[in-house]
Structures are given as structure tokens and as C-alpha cells.
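Step one of this worksheet: look at the structure below.
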Amino acid sequence: MNYLDGLNKEQREAVEVNAKYVRVIAGAGSGKTRVLTTRIVHLIMERAYNPRKICAITFTNKAANEMKHRLESMLTSDMGVFVSTIHAMCVRIIREEFEALGLVRNFTILDTADQQVILREAYQEYGYQRKELSYKEVLSYISEHKVNDISVKQAHKMASNFQDERKAKVYDYYQNRLKQVFALDFDDLLLKVRDLFRKSETILNKWQHRFNVYLVDEFQDVDHIQYEIIDFLVGNDNELYVVGDPDQTIYSWRGAKMHFIVDFEKTYPTSKTVTLHQNYRSTQNILDSANKLIKYNLDRVEKDLKSHKNSGEPVVFSNLDDESDEAYWVVRQMKKLHSEGASYLDMAVLYRSNYLSRSLERVLMDLGIPYIIYGGIRFYDRQEIKDMMSYLRMVSHGDDLALRRSIASPKRGIGPKTLEKYFNSAQATSKTMYEVIKEEVDSGKAKPRIQEYVTLIESFKAHYVAKDSIEDLMIHILEHSGLRKLYEKDEEIERLENVKALMGEAKVFEEMSSEGLAGYVQMVSLYGDREEVLEGEFVRLMTVHASKGLEFDTVFLIGMNDGIFPNRNAIIERQDGLTEERRLAYVAITRAMHRLYVSSNAGFNYVLSQRNKASRFMQEMDHEKTLHDVKGIIRNESPKETALKKFMKPASNNTRFKPADQVVHDDFGEGIVLAVNETTLKIAFNYPYGTKQIAKEFSGLRLKGDLT
DNA sequence: GCTGATTGTCTTTTT
DNA sequence: GACAATCAGC
């Protein structure tokens with residue numbers, strides 16, 4: 001079969017276009033990713049480009065993985081095409097050029113939690129309170145200043161009021177601290193590379209020769225630093241192929257500049273543009289709603305999406321009495337669709353902000369519908385994962401942030417005062433806290449508790465050197481650090497399961513990579529999320545931002561209330577806030593293939609401290625039809641009743657199992673029942689299987705010791 | 001000086 | 001409903 005089969009005329013043109021600079025404007029659902037991957041195949045097969053000289057840049061790690069898989073299925077292997085996010089690519093560059101940057105090879109990458117630890121230090125130092133100056137505010141201040149090349153010195157000069165002076169001081173402290181511990185935050189990853197290219201022509205030259213072709217996905221969400229890096233790399237000789245949709249710019253709050261894609265032809269006068277209008281994803285009814293809504297954004301390039309499908313089911317708009325009613329209403333629709341043969345995997349719930357998932361979660365859990373939440377508390381942000389990672393970091397980096405966490409979990413009787421003391425002497429001698437502590441231990445003056453901690457860390461280091469296995473090291477740490485005891489004491493089986501899942505991943509990493517522990521630690525800091533493991537049937541819950549690039553048969557868009565979506569703060573803070581919110585709603589709508597449910601509720605909102613009213617976007621999506629009020633929600637049972645029932649009869653007559661039962665599964669082996677839901681059981685199986693939802697009726701499941 | 005319990009504050013989106 | 005500052009007790 002020819003790789004061009006099944007492409008329409010526009011798509012084919014986009015794949016085959018012959019120009020050094022190409023822009024593809026790809027409307028939602030128009031086969032953007034397919035065009036991009038087919039272009040790569042085309043370059044290799046038809047034009048005999050060296051695959052190793054092709055670089056594809058995606059927006060998320062998820063998208064990068066997706067593209068690699070597609071390439072593999074079309075070419076039988078990825079053939080060495082480099083596919084990566086721009087952040088991951090910059091890490092590679094920095095690891096190679098660390099000397100020119102005055103860094104160490106295994107620099108630390110700070111995530112948000114690490115950044116907050118530094119802010120806490122600064123607040124303590126200067127006596128600031130979180131309530132008078134929030135971390136979030138300071139972090140965005142720091143980020144904004146950094147990406148706009150405003151140095152600490154300049155920030156101090158520019159500060160015109162007390163609050164700004166405080167922020168500048170924290171900024172100062174933060175930057176110093178980063179330099180001290182050889183750490184880079186996400187902004188730095190890009191900034192360092194950009195500065196390197198600005199500074200050294202030799203190094204730039206070297207990297208310009210690394211690839212011949214750059215393909216950039218989601219080009220509408222590129223910010224000015226990313227643009228500069230890409231521009232540097234493309235130089236005068238390489239090709240640039242960008243794909244995007246100005247109507248889907250949803251990251252301008254993070255610096256994304258739509259004008260890079262809009263004005264592409266001005267920047268590259270010899271460039272060619274192909275526009276994909278044909279939508280293959282959604283029904284015409286869904287697209288009508290999307291088109292109507294986005295028309296309210298003036299000053300945009302006109303582009304109406306045309307469906308490939310018929311009009312389909314009408315879009316359903318509802319207004320419920322309160323948040324809880326809304327959740328019940330959504331779940332009832334899900335159950336109805338499910339009973340008609342639809343799979344839960346085909347359903348997704350989208351919302352503006354993470355906290356909006358809560359009411360829905362409660363109801364889903366109560367009615368026993370399996371679900372996964374994307375984002376929210378990310379896997380790597382979980383307490384137990386951070387605990388384990390802090391020990392690994394002590395072995396690989398020994399940085400102060402890892403020390404602060406590992407020394408305090410589990411509690412070892414070493415508290416803030418003691419740490420403060422070590423911190424101060426570390427500052428005075430330009431050493432890490434661990435170095436100071438270790439010297440004290442070596443001199444024999446340290447207290448027994450401190451001594452124990454150092455012995456522990458040193459034994460972990462020795463263990464890693466001896467065994468050279470991250471997985472093995474983790475097992476060792478879990479046993480000897482006291483973490484296992486800590487989790488077992490609180491009966492937090494799930495935490496243990498998560499740590500085991502982490503081990504499974506480390507194992508995979510070791511099999512695929514030769515970068516060792518330091519490389520693993522960096523990888524974890526860089527990857528916000530794990531690749532999804534799809535087993536069984538799940539409804540998916542996520543923010544609209546997280547849904548970018550995905551599609552679902554049925555979409556429930558909940559919390560469509562003024563102030564929530566469009567978000568009040570977004571409108572206040574940014575001049576183009578409302579238009580971006582509208583684009584965000586446009587993205588949400590166009591995720592749906594066949595069915596779209598849009599709901600609002602009239603409950604009291606504590607965040608806004610006012611009664612909710614329906615979002616203006618609802619009207620804009622369809623002004624002919626009026627909003628459909630739904631009264632008298634039938635609740636199969638109230639959450640309270642269900643909770644009571646669980647309490648009164650612990651799984652005696654309606655199920656064979658109850659929580660804490662030891663069970664044996666035909667495929668997954670031994671496990672422990674964590675929770676009993678309406679139709680499923682939540683069971684923690686032994687490593688490497690982890691926690692799974694199993695249907696109660698499943699015949700391959702029995703009590704341990706029960707042979708029937 | 002450290003730990004665990006309690007109160008108070010804050011919820012926009014992410015690499 | 002999470003997380004940090006604060007307080008009381010060991």
C-alpha cells in the first residue's frame with residue numbers, strides 16, 4: 001500500500017509540497033499529525049533524506065511518543081528520526097555543552113515543587129509571609145523576568161513599590177541558589193541554549209549541521225525563546241516545516257505568540273502555505289457550534305471547518321441546579337450510553353480547571369464507573385514518588401533540596417532548627433548541606449541521628465556502585481530508608497503500589513537507555529507525566545488544556561459558567577483574555593467526534609463567591625436554541641446512603657469480596673482488595689502489575705486459599 | 001527542639 | 001480537599 005493512500009487533495013499537497021519553508025494551517029481534526037508523519041515518510045522514501053538528519057519538535061511528551069509510534073508503524077522502525085519536545089532537546093544540548101555553560105553534566109532540573117522549596121527558604125530568610133505574597137505570584141514574576149531578559153539587577157532598579165522590591169529580592173535569592181546547586185528550571189533549559197547559540201558561533205555551527213530538516217508541531221503555541229532557538233537551528237541552510245492552527249492558541253499566558261504562525265510568510269517570503277479545511281473528526285452539528293463560537297473572535301483569519309460526516313446528533317445543552325446535580329446528570333448520560341453499547345473509553349469529561357473534577361469524581365466513584373484523571377496530581381508529583389526520588393537524587397546529585405526531603409521522610413528527629421544550622425554553614429563555605437554534614441560526621445562530632453542518616457545515604461551510594469541497577473537500588477531504599485514502614489504503618493497500600501510502578505518504569509528505562517541513574521533522575525524531572533497504560537474501560541477526565549491534540553467519540557464539557565469558563569482571572573489579567581478563553585472552548589468542542597454535551601449549573605460557587613450563571617459561550621455556540629433546564633435529577637442513590645450501605649454491610653451478600661481480602665487473579669496473581677465499588681473491585685496486585693479495577697463478576701478471581 | 005494535631009488560606013491553564 | 005503556618009505536648 002502506498003503511504004499517500006487515503007489522503008485528500010489538500011493533505012497530499014501538504015505532504016508533497018516542494019519548498020524550503022512550509023507552513024501548514026491545519027484546522028481542528030483535519031489530520032494534522034497524519035500529515036506531519038507522512039511528510040517525514042515522504043522525505044525519507046521519496047527524496048532519500050537521511051532519517052537521522054530529520055528533527056521533529058512536538059509540544060508534549062505524549063505527542064512525541066505518539067509520533068514515534070506512528071512512524072514505526074509506517075516505516076517498521078523510526079529509522080533514527082529525532083522526535084522530541086523542545087525542552088527535552090535542550091536538555092540534550094546542555095548535557096553535551098555543559099562546559100561552555102559553566103555547568104556540571106548532571107545538572108539538576110527543578111520542577112515546581114523544588115522551586116517552592118527555594119521560595120520557602122527565601123521567605124524564611126527575609127521574613128515574608130505566604131499570604132502577603134503568594135508563591136504563584138512570585139514564580140510567575142521570576143519566569144516573566146527571566147524570559148524577557150530582565151536581570152536581577154534591573155529588577156531591583158525597576159521595583160517601584162514595596163511589593164515589587166520583595167519580589168525582586170526573592171528573585172535575587174532564587175537565582176543565586178540555582179547557580180549554587182547547579183540547577184536549572186524549565187525556563188533555564190531554553191534560555192541557556194539560546195544564550196549559548198547567541199554567544200558561540202562554533203557551537204551554533206555544530207548544531208546547525210546536526211539536522212537538515214526541522215518539523216514543528218503546534219507552531220501556534222511557540223513562544224519567543226523557542227522561536228529564537230528554532231530560528232538559530234534552521235539557520236540559512238536547513239528546511240523548516242511548521243504545522244498549526246491560530247484558532248487553537250491556548251498558551252499565550254505562557255508566552256506563546258500566535259504571530260509566528262500568522263506572519264510566517266512575511267518572515268520567510270519564499271515560503272509556501274497549505275491550508276487544511278476538511279475535518280474528519282466531528283459531525284457537522286458539532287462543527288457548527290465550534291464555528292459559531294469562534295466567529296465571536298474578531299481579528300482572526302477566517303476559516304470555516306467543513307465536516308466529512310453528516311449532521312449527526314444535536315449538541316445537548318443543559319443547566320442543572322447545582323454542581324452535584326450536574327455530576328449526576330453527566331453520569332446518568334454515561335450510563336445510558338453505556339447500556340446502549342458505548343464503551344467508557346470513548347467518553348471524556350473536559351473542564352476548565354482541575355478542581356472542577358471533584359464533584360464528578362465523587363459520583364463516578366459512588367456509582368462504580370471506572371475513570372482516570374489526567375493531570376491533577378501527576379504521578380511524579382505524588383508524595384511517595386517524591387520521597388523515593390529524593391533518595392535517588394541524594395545518590396546521584398546530593399543536592400540540598402533532595403536532602404531536605406529525604407532527611408524528613410520518614411521523620412528522623414532532625415527538624416527545622418538543625419537544618420537551618422547546616423544550611424547556614426553550607427552557605428558560608430559554599431558547600432552543599434550534605435558535604436557539611438558529612439564532614440561533621442567524618443570528624444566524629446555529629447549527633448547519632450545525623451550519623452545514621454549519612455551512613456544510610458553512603459550505603460545507598462555503595463549499593464548502586466556495586467549492583468549498578470536503579471531498580472535494585474530502589475528496592476534497597478524502600479526497605480532500608482524506612483519508607484516501606486512509613487507507608488505500611490498508615491496502611492497506605494496505594495503508595496506502595498505507586499512506588500512499585502515507579503520501579504517498573506525504572507527497569508524499562510534501564511533496558512532502553514545507557515544513561516544511568518543521573519540520566520533517569522533528569523528524565524523524571526523533565527517528564528510531567530507518564531505514558532498512559534490503557535487496560536480495561538475508563539472514562540477519561542482532564543482539563544481542556546490537557547485534551548489538546550486528542551479526540552473522543554463523546555465529550556462532556558462541564559462547568560460552563562461565567563467566571564469559570566471563561567475564567568474570570570484570565571479576563572482580568574490579560575487584555576486578550578476573553579479571546580483566548582474562547583479559543584480554549586473551541587478546542588474543547590472540536591475534541592468531540594459524535595456526541596457533545598455541554599452543561600452548566602446554578603449552584604453557589606465558593607471560588608467566585610456568587611451564584612453561578614450559564615456561560616456566555618453557551619449562547620454564542622447556539623443562540624437560536626435556548627438553554628435547556630433540567631429539573632428533578634434522579635439520583636440512583638445519594639452519596640451518603642451509599643457510604644452508609646458500605647458501612648453497614650461490608651460486602652456480605654452482594655459480593656464475594658470485601659476490602660483487605662487476599663485474592664488470587666488468574667493473570668495477575670496475588671493481590672489485596674482495596675475498595676469495593678458497585679460493579680468493580682479495586683485490587684492492588686503484586687509488582688509489576690499494580691492497582692487495577694476488576695469486574696466483580698470476573699470468574700478468574702478467587703479468595704486466596706479458596707480453590708473453588 | 002521535634003512531632004502531630006489544628007486552623008487558615010486558596011483554588012487557571014503546563015514544559 | 002491540599003498544604004503550609006501555628007500551637008500544644010512530649
Subject >> From CA spacing to verdict: salt bridge (charged side-chain N to carboxylate O under 4.0 Å, His left out), A:Arg568, A:Asp562 >> reply: CA-CA 8 Å; A:Arg568 187 177 59 178; A:Asp562 248 31; over 6 Å; no
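OP1 or OP2 of B:dT13 lies within a sub-4.0 Å distance of a side-chain N or O belonging to A:Asn354. Using a 4.0 Å cut-off, some side-chain N or O of A:Tyr135 falls inside it from OP1 or OP2 of C:dA5. Within the structure, every side-chain polar atom (N or O) of A:Lys411 is placed at least 4.0 Å from both OP1 and OP2 of B:dC2. Contact between the side-chain N/O atoms of A:Thr543 and the OP1/OP2 oxygens of B:dT14 is found at a separation under 4.0 Å. Residue A:Thr418 has a polar side-chain atom (N or O) positioned under 4.0 Å from OP1 or OP2 of B:dC2. At the phosphate of B:dT12, OP1 or OP2 sits under 4.0 Å from a side-chain N or O atom of A:Lys136.
The base of B:dT12 is not paired with the side chain of A:Arg568 by any donor and acceptor separated by under 3.5 Å.
The nearest whole Å value for the distance from the CG atom in A:Asp188 to the C1' atom in B:dT14 is 16 Å. When rounded to the nearest whole Å, the span between CG of A:Asp187 and C1' of B:dT15 equals 9 Å. Atom-to-atom, OH of A:Tyr355 to P of B:dT12 comes out at 7 Å; the value is rounded to the nearest Å. Computed from coordinates, the A:Tyr422 OH to B:dG1 C1' distance equals 13 Å when rounded to whole Å. Between the CG atom of A:Leu119 and the P atom of C:dA5 there is a distance of 11 Å, rounded to whole Å. Rounding to whole angstrom units, CD of residue A:Glu581 and P of B:dT12 are separated by 11 Å. Between the CG atom of A:Leu110 and the P atom of B:dT15 there is a distance of 17 Å, rounded to whole Å. What separates NE2 of A:His87 from C1' of B:dT15 is a distance of 4 Å, to the nearest Å.
When distances run from any side-chain atom of A:His545 to the nucleotides B:dT15, C:dA5, B:dT13, the shortest one goes to B:dT13. When distances run from any side-chain atom of A:Gln116 to the nucleotides B:dT12, C:dA4, B:dT14, the shortest one goes to C:dA4. Counting only heavy atoms from C-beta on, A:Ala546 has its side chain closest to B:dT14 among B:dT15, B:dT12, B:dT14.
Toward the 5′ end of DNA chain B lies the nearest nucleotide of A:Gly413, the other residue of the pair A:Asn569 and A:Gly413 mapping further downstream.
Using a 4.0 Å heavy-atom distance criterion, A:Arg449 is classed as making no nucleic acid contact. Within 4.0 Å of A:Ser134, counting heavy atoms only, lies no atom of the nucleic acid at all. Here A:Phe565 lies out of heavy-atom contact (under 4.0 Å) with every strand.
Using modelled atom types, one finds a donor on one side chain and an acceptor on the other under 3.5 Å when comparing A:Tyr174 with A:Asp185. There is a side-chain donor-acceptor pair under 3.5 Å between A:Glu218 and A:Gln220.
For B:dT13, the base is not stacked against the aromatic ring of A:Tyr251, per a cut-off of 5.5 Å between centres and 30° between planes.
A:Arg405 forms no cation-pi arrangement with A:Tyr391, by the criterion of a distance under 6.0 Å to the ring centre and an angle within 45° of the ring axis.
Remark: A:Arg95 engages A:Glu515 in a salt bridge, criterion side-chain N to carboxylate O under 4.0 Å. Using a 4.0 Å cut-off between a side-chain N of Lys or Arg and a carboxylate O of Asp or Glu, A:Asp114 and A:Arg393 qualify as a salt bridge.
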